[in-house]
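I have placed the structure first, in the form of structure tokens, so that the comments after it can refer back to it.
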Amino acid sequence: MANDAVGRQPKYQHIAAELKDAIASGEYGPGARLPGESDLMSRYGVARMTARQAFGVLQAQGLVEARKGAGVFVREYQVVIRRRGIQRLAVEVWGAGGAIWDVDGKGRAPVVEFLSVTEERPSGAVAAALGLADRARVVVRRRRYLLDGKPVMLATSYLDAALVAGTAVAEPDSGPGGIYARLAELGQGPRRFREEIRSRMPGPEETARLGLAAGTPVVLVCRTAYTAEGTPVEVNEMVLDSSAYVLEYAFDAP
């Protein structure tokens, strides 16, 4: 039955599956060049379009990348940032004036490129997460993070404008410890966080702003910060280049 299933499988999918197995086995390691279209045409007796479709399957799965004029290569996932999801949010970090992303970099932290700070009407999802009434407005802080000049993350923070408008939170430079330290000065310092994580393929704007190679997925992290009383004070939506990050969570069993 398995052979019958393979026989019914489109040729390009069969070729893609064999190449995927070869990558998984280490026959083609990270950075290795795969056989060219002409090689696949000769080996499998298929048309060029079929060989091209097989490469398209692997690109869509994020396994390979095409380099113009050079061929198709196994993607190299070079981890440059280990995002320590719990340690980075400790009060001892931002409360002492530190930047939470310094915890990730360990001396090689990303550089923050501040994009904008605006006051806007929130989406329904953001308004609900912050517990805002109809027609409420939010201060929106947009940043891009770069490591060695390469963009690795986009981040957008939403905060209740009634709370933070006219404060340092609404300024490009929010000062030592960032917005969490400023919220603490307002008596609204975060003491609990909730993060939701998922992944998907990026949109055109995200691809351009992160300089992503074709087939590179992104990781979405949505963090909500709460006061000790349980009041939500920030929603932070982050888009991470999946090839640049490992997400690490170290915690005691409850």
Please list, chain by chain and in numerical order, all residues satisfying salt bridge (Lys or Arg N to Asp or Glu O under 4.0 Å) with E171, sequence neighbours excluded. none

For K11, salt bridge (Lys or Arg N to Asp or Glu O under 4.0 Å) partners two or more places apart: none

Tell me, please, which residues at least two apart from R144 pass salt bridge (Lys or Arg N to Asp or Glu O under 4.0 Å). E113

Return the set of residues passing side chain to side chain donor-acceptor pair (under 3.5 Å) with Y226 (not counting sequence neighbours), or none when no residue passes. none

According to side-chain contact (heavy atoms from CB on, under 4.5 Å), who are the partners of Y249, at least two apart in sequence or on a separate chain? R83, I86, E195, I197, L247, F251

Got a sec, which residues hit side-chain contact (heavy atoms from CB on, under 4.5 Å) with A22, two or more places apart in sequence or on another chain? E27, Y28

The remaining residues in the hydrophobic cluster of V57, counting side-chain heavy-atom contacts under 4.5 Å among Ile, Leu, Val, Met, Phe, Trp and Tyr, are Y12

Taking only residues two or more places apart in sequence, or in another chain, which ones meet E205 in a salt bridge (Lys or Arg N to Asp or Glu O under 4.0 Å)? R209

With no hydrogens and no angle check, do the side chains of E234 and S157 hold a donor and an acceptor under 3.5 Å apart? yes

Would you mind checking if K150 and D241 are paired as a salt bridge, meaning a charged N to carboxylate O distance below 4.0 Å? yes

Without hydrogens or angle criteria, can the side chains of R192 and T227 be said to hold a donor-acceptor pair below 3.5 Å? no

Those residues that, when tested against R198, pass side-chain contact (heavy atoms from CB on, under 4.5 Å) (two or more places apart): R200, L220

Contacts of type side-chain contact (heavy atoms from CB on, under 4.5 Å), residue S199, not counting sequence neighbours: none

Can you see whether T118 engages E120 through a side-chain donor-acceptor pair at a distance of less than 3.5 angstrom? yes

Around atom CE of M49, are there more than 12 heavy atoms of other residues, nucleotides or ligands at under 6.0 Å? no

Scan for salt bridge (charged side-chain N to carboxylate O under 4.0 Å, His left out) pairs involving residues 13-25, sequence neighbours excluded, and state none if there are none. none

Where at least one partner belongs to residues 65-74, residue pairs that pass side chain to side chain donor-acceptor pair (under 3.5 Å), sequence neighbours excluded: E65-R67

